[in-house]
Amino acid sequence: MGRAEISPEGRTILLVEILDAPAAREDEEDDVVMYLEDLGSPFVASDLVRTIRAGDSPGLAQRCTESLGGIWARPVT
């Protein structure tokens, strides 16, 4: 039996939940931030900004800032 595909919206929600999880490891957070940049929706940008403002981890805030910059640098189509 094949695996069910997850919609981009569903994937985004799951990734944000991982990013928000207090028990998430640093390597998981790195992967999530990278994948969120690729998805780049307004919801993603909002969550990255929220994570930056929370300031719980300077390293995570830096990675979120870089991903947010990548989202904003994309040409509008």
**Q** E17: what forms a side-chain contact (heavy atoms from CB on, under 4.5 Å) with it, not counting sequence neighbours?
**A**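 E17: side-chain contact (heavy atoms from CB on, under 4.5 Å) contacts with I13, L14.
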**Q** Among all residues two or more places apart in sequence or in another chain, which pass the side-chain hydrogen bond (donor to acceptor under 3.5 Å, both in side chains) test with Q62?
**A**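 With sequence neighbours excluded, Q62 shows a side-chain hydrogen bond (donor to acceptor under 3.5 Å, both in side chains) to E66, given in chain and number order.
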**Q** Would you mind reporting whether L19 and L60 have side-chain heavy atoms less than 4.5 Å apart?
**A**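 They are in side-chain contact.
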**Q** Count I, L, V, M, F, W, Y as connected when their side-chain heavy atoms are under 4.5 Å apart, and connections chain through other members. Are V49 and M34 then in the same cluster?
**A**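 Yes, V49 and M34 fall within the same hydrophobic cluster.
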**Q** Within the distance-only criterion (no hydrogens, no angle test), does the side chain of S46 pair as donor or acceptor with the backbone N or O of P42 below 3.5 angstrom?
**A**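 Such a contact is absent between S46 side chain and P42 backbone.
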**Q** Mind checking what makes side-chain hydrogen bond (donor to acceptor under 3.5 Å, both in side chains) contact with R11, not counting sequence neighbours?
**A**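 Checked R11 against side-chain hydrogen bond (donor to acceptor under 3.5 Å, both in side chains); zero matches.
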**Q** Tell me whether the count of non-hydrogen atoms from other residues, nucleotides or ligands lying under 6.0 Å of CZ in R74 goes above 12.
**A**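 Yes, because the 6.0 Å sphere around CZ of R74 holds more than 12 heavy atoms from other groups.
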**Q** Does R25 have any side-chain hydrogen bond (donor to acceptor under 3.5 Å, both in side chains) partners at least two apart in sequence or in another chain, and if so, which?
**A**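 If we apply the side-chain hydrogen bond (donor to acceptor under 3.5 Å, both in side chains) test to R25, skipping adjacent residues, the hits are D27, E28.
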**Q** So which pairs with a foot in residues 35-45 pass side chain to side chain donor-acceptor pair (under 3.5 Å), sequence neighbours left out?
**A**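 Found E37-S67.
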**Q** Tell me whether L68 shares a hydrophobic cluster with F43, the cluster being built from Ile, Leu, Val, Met, Phe, Trp, Tyr side chains joined at under 4.5 Å.
**A**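 In one cluster: yes.
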**Q** Output the distance between atom CG (L48) and atom CD1 (I71), rounded to the nearest 0.5 Å.
**A**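 Answer for the CG-CD1 pair, L48 versus I71, is 5.0 Å.
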**Q** Just how far is it from atom CG of D20 to atom OG1 of T51, taken to the nearest 0.5 Å?
**A**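 Result: 5.5 Å between the selected atoms.
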**Q** So, using salt bridge (Lys or Arg N to Asp or Glu O under 4.0 Å) as the criterion, who are the partners of D30 when residues are at least two apart?
**A**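 Expected list: R63.
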**Q** Distance from C64 atom SG to E29 atom CD, nearest 0.5 Å?
**A**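 The SG atom of C64 sits 8.0 Å away from the CD atom of E29.
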